[in-house]
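Some notes on the structure that comes next.
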Amino acid sequence: MTDRPRSSRYDVIVVGGGIVGLATAVQLLRERPRRLAVLEAEARVAAHQSSHNSGVIHAGLYYAPGSLKATLCATGRDAMYAFCAERGIPCRRTGKIVLAADEHQASLLAGIRAKGEANGLRGIIEVRGEAVRDHEPFAAGVAALVIPQTGVVDFATVARAYADEIVERGGEVHVGSPLVDAAVHPDGLTLITSRETFTTDFAITCAGLQADRVTAIFGMDPGVRIVPFRGEYVELLPHATHYVRALIYPVPDPRFPFLGTHLTRLVDGRVEAGPNAVLAWSRAGYARSDIDWRDLRDIVGYGGFRRFLRAHYRTGLAEFARSLNPRAVHRALQALVPEIALDDFVPGRSGVRAQAMAPDGRLIDDFHLVRGDRMIHVLNAPSPAATASLAIGARLAGLVREQRGEAPARPAATS
Ligand SMILES: Cc1cc2nc3c(=O)[nH]c(=O)nc-3n(C[C@H](O)[C@H](O)[C@H](O)COP(=O)(O)OP(=O)(O)OC[C@H]3O[C@@H](n4cnc5c(N)ncnc54)[C@H](O)[C@@H]3O)c2cc1C
């Protein structure tokens with residue numbers, strides 16, 4: 001993606017050309033001109049999570065107030081809408097509903113709303129009974145929250161626009177450049193890809209599904225293990241897409257960081273349902289049959305995973321069984337929209353989440369960084385990291401500035 005001659009030495013190198021790494025490079029370059037390169041393993045940017053997701057610009061409803069997810073989602077969401085407007089990227093602020101199937105779930109809506117309001121969301125309303133149908137005419141359920149700030153976009157298009165901005169600002173994006181080794185010297189770092197060697201003052205790694213391994217390349221202990229969870233979607237056939245106006249979410253299960261199977265009208269007008277959350281046997285396990293023996297060994301050999309399994313095997317097995325059974329998927333969809341029939345949908349695409357797991361088996365919920373001398377490693381950047389990417393990038397750019405002892409940034413860079 002870069003056709004200029006490359007620098008002989010860099011100020012900052014970002015490893016990982018997903019939406020988080022690219023947004024970080026954008027924010028570093030908005031602050032001040034820098035000799036900067038992004039190294040991406042695949043032949044194109046945004047090849048993994050950043051192009052295999054639900055495409056939802058999250059409002060910031062469920063996150064613990066004060067958490068990084070909550071604060072960065074709020075600023076990142078607004079920055080995302082502004083970036084799309086500026087670059088002419090199609091996106092729609094459609095709003096969404098969180099649908100309570102029964103009175104027990106309805107009793108949880110007030111708590112979700114309070115969290116959203118504590119996170120700065122205004123204009124949330126709760127509707128009951130028939131009033132739910134004013135927002136989603138085919139939705140079942142006894143009550144719903146209506147969240148106006150939610151929207152849809154294609155995050156892969158956004159990521160490509162970030163890459164364009166990096167090059168416009170004098171940075172470099174090297175695709176097909178997997179980092180394979182790194183050496184730390186008193187005066188800088190040497191990064192070795194399968195093609196070239198780079199020297200830099202500072203490195204940031206945003207390697208998604210490989211985050212723990214890439215961190216270890218730098219001699220750092222990641223402290224967590226990445227465990228891949230596949231999310232599978234089904235797609236409504238064209239004759240059934242009218243059942244969904246915008247986005248219909250269930251009340252989430254508070255025990256898990258995933259939001260539950262939801263119905264989404266994508267920015268191109270198609271309607272998808274999903275994703276579920278099934279353990280994947282490969283970090284690129286987009287198909288059920290994908291097995292990578294090294295990945296599998298890493299998962300089952302991890303004490304944290306065995307502890308996780310002991311606590312959650314029933315839910316895991318149920319989710320796995322449902323993933324194989326179209327009738328079970330159908331039941332989950334009918335809980336949201338009863339009119340959806342078994343022959344109204346077909347299997348769709350899938351994505352793989354990079355979920356960081358602690359040695360005690362906990363799924364790390366918030367964004368998580370590990371910092372070292374001349375380096376920062378992003379170990380957990382789950383949803384809503386695509387929504388929040390510009391805010392995460394601004395935060396990381398601030399940390400780089402702090403670690404490098406640089407003067408404060410130009411004010412425009414924080415948006
Ligand atoms: C099923 C699913 C649904 C989701 N839905 C939403 C949503 O609706 N809204 C939302 O905001 N978020 C959503 N997310 C989360 C969002 O997609 C991710 O948080 C975000 O894409 C993470 O971006 P990233 O750049 O950290 O990771 P990635 O996009 O995975 O990028 C990491 C990059 O690092 C590269 N890399 C790895 N190893 C190396 C190496 N050795 N050298 C060089 N490069 C390397 C990889 O090739 C990859 O391109 C969803 C995620 C999934 C999986």
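For reference, positions follow the sequence shown, starting with 1. Each ligand, and each atom within it, is numbered from 1 in the order the structure gives.
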Nitrogen or oxygen atoms of [X] and ligand 1 under 3.5 Å apart:
{"X": "V56", "answer": "yes"}
{"X": "R353", "answer": "no"}
{"X": "A46", "answer": "no"}
{"X": "S54", "answer": "yes"}

Enumerate the atoms of ligand 1 whose separation from the nearest heavy atom of Y233 is less than 4.0 angstrom.
-> 1 (C), 2 (C), 3 (C)
Within a distance under 4.0 Å of any heavy atom of V15, pick out the atoms of ligand 1 and give their elements.
-> 42 (N), 43 (C)
Is [X] salt-bridged to [Y], cutoff N-O under 4.0 Å?
{"X": "E406", "Y": "R404", "answer": "yes"}
{"X": "D164", "Y": "R87", "answer": "no"}
{"X": "D292", "Y": "R294", "answer": "no"}
{"X": "R122", "Y": "E117", "answer": "no"}
{"X": "R9", "Y": "D201", "answer": "yes"}

Specify side chain, backbone, both or neither for [X], according to which of its non-hydrogen atoms lie closer than 4.0 Å to ligand 1.
{"X": "L22", "value": "neither"}
{"X": "H52", "value": "backbone"}
{"X": "P382", "value": "backbone"}
{"X": "Q210", "value": "side chain"}
{"X": "T387", "value": "both"}

Classify the side-chain pair Y233/T264 by whether it contains a donor and acceptor separated by less than 3.5 Å.
-> no
Heavy-atom proximity to [atom], best of [options]:
{"atom": "atom 25 (O) of ligand 1", "options": "V214, L209, V20, T150", "result": "V20"}
{"atom": "atom 10 (C) of ligand 1", "options": "A388, S383, G231", "result": "S383"}
{"atom": "atom 23 (O) of ligand 1", "options": "A182, S50, G18", "result": "S50"}

Indicate yes or no for a side-chain donor-acceptor contact from R283 to the backbone of P228 under 3.5 Å, with no hydrogens or angles considered.
-> no
Check: Y162 ring centroid to F83 ring centroid under 6.0 Å | yes
May I ask whether C206 has any heavy atom positioned less than 4.0 angstrom from an atom of ligand 1?
-> yes
Looking only at heavy atoms of F229, does any of them come nearer than 4.0 Å to an atom of ligand 1?
-> no
Do me a favour and list the nearest non-hydrogen protein atom to atom 22 (C) of ligand 1 with residue, atom name and distance?
-> A381 O, 3.7 Å
Stepwise side-chain hydrogen bond (donor to acceptor under 3.5 Å, both in side chains) test for H52 and S350 = CA-CA 7 Å; H52 294 80; S350 65; over 6 Å; no
Can you name the nearest heavy-atom pair linking F367 to L68, along with the distance?
-> O-CD1, 3.8 Å
